[in-house]
Amino acid sequence: MKWMETAVYYSTDAAFGEMARELVCDLFYTLGLGGVITEDFPARNDVIRGCVKGYFYSDPTGVKKLAYLKKKADQLTDQGGVSCEIKCSEVDDEDWANAWKDHFHITRIGTRLIIKPSWQSYEPARDDIVIELDPGMAFGTGTHPTTSLCLEMIEKYVRKGHRVLDVGTGSGILMIAAKKCGAASVWGVDNDPVAVTVARENLLLNQVDEADFRIISGDLVRDVDGRFNVVVANILSNVIIDLIPALNDIMTEDAVFISSGIIEEKADAVRAVLETQGFRILEIVREDAWVCMAADRAG
């Protein structure tokens, strides 16, 4: 399989640097990627420079996504004060995998969670929860704020015996974390067949019994049966807003909904829809320009 390595090189004023990186990352997330590679370059004359890389199939669908990405990058250049240049090259599976390894290292998240690349060794402390991961093409390594914030929430809210649903499962990292934090069963749903395959492989890599997990290829929770104690969605803000009305049909009375992937500018909109649908905000945490919320059903 061939892939298109797509790099967006950007530059902007120093005061806008952090937000510029997140806006460029969001271009990729809008196209369904669960993660990207980011690089920061030395500033020159108060100009912040960086690069965001993502990978698409080298097929007609991937070509369409690349065209859309170029269009949106041009809009950032014209309207957002962020100068963008796109470079694209074709790579094989093996070349991509080796390139990714250079950017993925052992990471501690929250109090006990350790994200460990499958090709590295680590001696855990007594209370450590180690998640071994080979993200493959699905990304989702826990290093991006949207994922790390979710992982911290999972560590806080998942209890022994819980049923947990991960909407937009990507690499399966949130499912694995929930299971290792005590969940009795974990479900995942993703509309990308590559993510479904990679998530299953990563769950098995982490010795999660096949009887304890289920991964569905589908759109949001349309094909999900039963009720869950914790529902997690690390996806785009507008998709979270579309998802919220369906949550009451799949959550237990005391369930918690964890939502991430929310940029600061969309946080109020997501919160408003949650409250309109009868949810109570438990907490809101922020990292860089990203927001993660935990809510339960009020009353």
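What you are looking at is a predicted structure, and each value in this text was computed from that prediction instead of being measured.
- Across Val224, Val239, Val221, a single residue satisfies side chain to side chain contact (heavy atoms under 4.5 Å, CB included) together with Val167, and that is Val221.
- Under the 4.0 Å criterion applied to side-chain N and carboxylate O atoms, Arg200 and Glu210 are assigned as salt-bridge partners.
- Tyr55 and Tyr9 end up in different hydrophobic clusters when Ile, Leu, Val, Met, Phe, Trp and Tyr side chains are linked at under 4.5 Å.
- Of all heavy-atom pairs between Ser237 and Lys266, the closest is OG-CB, 3.5 Å.
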Legend entry - Criterion side-chain contact (heavy atoms from CB on, under 4.5 Å) on Asp296 and Tyr157, from CA distance to verdict: CA-CA 11 Å; Asp296 66 4; Tyr157 288 105; over 6 Å; no
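- Atom CD of Glu132 and atom CD1 of Ile106 lie 10.0 Å apart (nearest 0.5 Å).
- Distance check: Cys150 SG to Glu152 CD gives 10.0 Å after rounding to the nearest 0.5 Å.
- Here the CG atom belonging to Leu247 is positioned 8.0 Å from the CG atom belonging to Leu274, to the nearest 0.5 angstrom.
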Inset, instruction - Kindly indicate, with the supporting measurements, whether the criterion salt bridge (Lys or Arg N to Asp or Glu O under 4.0 Å) is fulfilled by Lys53 and Glu39. - result: CA-CA 8 Å; Lys53 292 181 181 179; Glu39 298 178 68; 3.5 Å; yes
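- The shortest heavy-atom contact between Val189 and Gly218 is CG2-O, 3.8 Å.
- The shortest heavy-atom contact between Gly62 and Phe56 is CA-CB, 4.3 Å.
- Put simply, the side chain of Glu201 does not reach to within 4.5 Å of the side chain of Leu203, judged on heavy atoms.
- Remark: Lys179 fails to qualify as a cation-pi partner of Phe213 under the 6.0 Å distance and 45° angle criteria applied to the six-membered ring.
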Legend entry - Worked check of salt bridge (Lys or Arg N to Asp or Glu O under 4.0 Å) between Asp219 and Arg222: CA-CA 6 Å; Asp219 182 29; Arg222 187 172 302 165; 3.1 Å; yes
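- By the criterion of side-chain heavy atoms lying less than 4.5 angstrom apart, applied directly or through intervening Ile, Leu, Val, Met, Phe, Trp or Tyr residues, Val8 is not grouped with Val63; the two fall into different hydrophobic clusters.
- Taking each heavy atom of Val164 and Ala183 in turn, the nearest pair found is CG2-CB, 3.8 Å.
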Legend entry - Stepwise side-chain hydrogen bond (donor to acceptor under 3.5 Å, both in side chains) check, Asn234 with Thr147: CA-CA 7 Å; Asn234 181 18; Thr147 308; 3.3 Å; yes
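- For the atom pair CZ (Arg49) and OG (Ser83), the distance works out to 11.5 Å, reported to the nearest 0.5 Å.
- Contact check on Arg112 versus Asp127 returns no salt bridge, with no Lys/Arg side-chain nitrogen under 4.0 Å from an Asp/Glu carboxylate oxygen.
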Legend entry - Test side-chain contact (heavy atoms from CB on, under 4.5 Å) applied to Arg159 and Val230, step by step: CA-CA 9 Å; Arg159 298 289 180 266; Val230 177; over 6 Å; no
Inset, instruction - Apply the test side-chain contact (heavy atoms from CB on, under 4.5 Å) to residues Arg21 and Tyr10: give CA-CA distance (whole Å), side-chain angles for both, the deciding distance (0.1 Å), then the verdict. - result: CA-CA 8 Å; Arg21 178 177 6 124; Tyr10 65 89; 3.2 Å; yes
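- Under 3.5 Å, the side chains of Tyr122 and Asp128 contain a donor-acceptor pair of N or O atoms.
- The two residues Lys180 and Asn206 make their nearest non-hydrogen contact at NZ-OD1, 3.3 Å.
- Here Glu253 does not pair with Arg227 in a salt bridge; the nearest charged N to carboxylate O distance is not below 4.0 Å.
- Comment: Asp74 does not engage Lys71 in a salt bridge, judged by the lack of any side-chain N to carboxylate O separation of less than 4.0 angstrom.
- Within a 6.0 Å sphere centred on CG of Asp212, heavy atoms belonging to other residues, nucleotides or ligands number more than 12.
- Here the straight-line distance linking atom CD1 of Ile250 with atom CG of Leu165 works out to 5.0 Å at 0.5 Å rounding.
- Taking the six-membered ring where the residue is Trp, the centroids of Trp187 and Phe228 are separated by under 6.0 Å.
- Counting all heavy atoms, side chain and backbone alike, Gly261 lies closest to Trp290 at O-CZ3, 3.6 Å.
- Atom CG of Asp225 sits about 6.0 Å away from atom CZ of Arg214, to the nearest 0.5 Å.
- Criterion: ILVMFWY side-chain heavy atoms under 4.5 Å apart, direct or through other members. Under it, Val47 and Phe41 are not part of a common hydrophobic cluster.
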